[in-house]
*Asks:* 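Structure below; questions to follow.
Any value given below was found using the heavy atoms of this structure, including those in side chains, with hydrogens, waters and symmetry copies removed. Chain naming here is simple, since letters A, B, ... match the order of the sequence lines and numbering starts at 1 in each.
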Amino acid sequence: DSGVTQTPKHLITATGQRVTLRCSPRSGDLSVYWYQQSLDQGLQFLIQYYNGEERAKGNILERFSAQQFPDLHSELNLSSLELGDSALYFCASSVSEGGGETQYFGPGTRLLVL
Amino acid sequence: AQRVTQPEKLLSVFKGAPVELKCNYSYSGSPELFWYVQYSRQRLQLLLRHISRESIKGFTADLNKGETSFHLKKPFAQEEDSAMYYCALPSLYNFNKFYFGSGTKLNVKP
C-alpha cells in the first residue's frame, strides 16, 4: 500500500501517560499534516511539516509535540495525557506545501485515555 | 478568526432528489476551497476543489464570494453518496494551515 499509513490503529492508555503516534506519508510526498478529531467535532489542525521543517502550527497544546524525520515519516508525541485528549488523530500528506495542495489522509489512530 | 461553517450536521434526502450541502467561510480574499468526503469505513479523501472547476461523481460546487459560500450540489442523489462531507480551506495567513468544517452527514434513503 503506497498510501498514508498510521500506527497504531488503536491506543488505550491512562491519564498522565505519554504516547507516540506514527505517520508514514505517501511515497514522494514531502508535506505531513496532523489533525485531531474529537467527538462531534470537525478536524482541528495541529501542525504541518515540510521536508523536515515545521511550517504551520495550529492550536496544538504544549503537551503535544511532533517532528518529521529525514525519511519523511512523522511522529506526534502526546504527553501528560488527559481524558479530553481522547480523539481520532489523523495524519495527511501532500506532494508539496501550500494552500492549493490536495491532502491524502491516513486511516487515523483512535486514542482512548482512561 | 477564520472559520468554516457547515450548518447542518445531518441531511437526509431520498434517492433521486437534489442535494445541497452548505458551507460558509469567513475570509477576505479569494480562497482555495475544498470538499472532502469520508465514505463508511474509508479514509477521508478529496471530492473536489474550487480551482479545478470539475464535477466529480456528479457533484459541483460554486464559490460565491458575495455570500462567502461554497455549497456542494448534486441534482440527483444516489444511495452511494451517503457519507460525511467536510468543507475546508487554508488559512489566509499561512497556506499550510487548514480549517475544516464540522462536517455534514448525508444520508440518501432508498
*Asks:* If I compare all heavy atoms of B/Glu32 with all of B/His50, which pair ends up nearest, and what's the gap?
*Replies:* OE2-N, 3.5 Å
*Asks:* Can a side-chain donor-acceptor contact be found between A/Tyr89 and A/Gln36 if the only test is distance below 3.5 angstrom?
*Replies:* yes
*Asks:* Side chain from CB out, backbone as N, CA, C, O: work out which of these in B/Phe98 comes under 4.5 Å of a heavy atom of chain A, or both, or neither.
*Replies:* both
*Asks:* Select one option (side chain, backbone, both, neither) describing which atoms of A/Gln48 are under 4.5 Å from chain B's heavy atoms.
*Replies:* side chain
*Asks:* Can we call the ring centroids of B/Phe100 and A/Phe90 under 6.0 Å apart?
*Replies:* no
*Asks:* Hey, do the aromatic rings of B/Tyr25 and B/Phe70 have their centres closer than 6.0 Å?
*Replies:* no
*Asks:* Checking heavy atoms, do the side chain of B/Tyr36, its backbone, both or neither come under 4.5 Å from chain A?
*Replies:* side chain
*Asks:* Given that the side chain runs from C-beta out, which part of A/Tyr50 has a heavy atom under 4.5 Å from chain B: side chain, backbone, both or neither?
*Replies:* neither
*Asks:* If you take all heavy atoms of A/Leu81 and A/Arg63, which pair is closest and at what distance?
*Replies:* CA-NH1, 3.9 Å
*Asks:* Can you tell which of A/Gly100, A/Ser31, A/Ala92 has the highest number of heavy-atom pairs within less than 4.5 Å of chain B?
*Replies:* A/Gly100
*Asks:* Side chain, backbone, both or neither: which part of A/Gln37 has a non-hydrogen atom closer than 4.5 Å to chain B?
*Replies:* side chain
*Asks:* Under 4.5 Å heavy-atom distance to chain A, tell me which part of B/Gln6 shows up: side chain, backbone, both or neither.
*Replies:* neither
*Asks:* Is it the case that atom CZ in A/Phe69 sees more than 12 heavy atoms from other parts of the structure closer than 6.0 Å?
*Replies:* yes
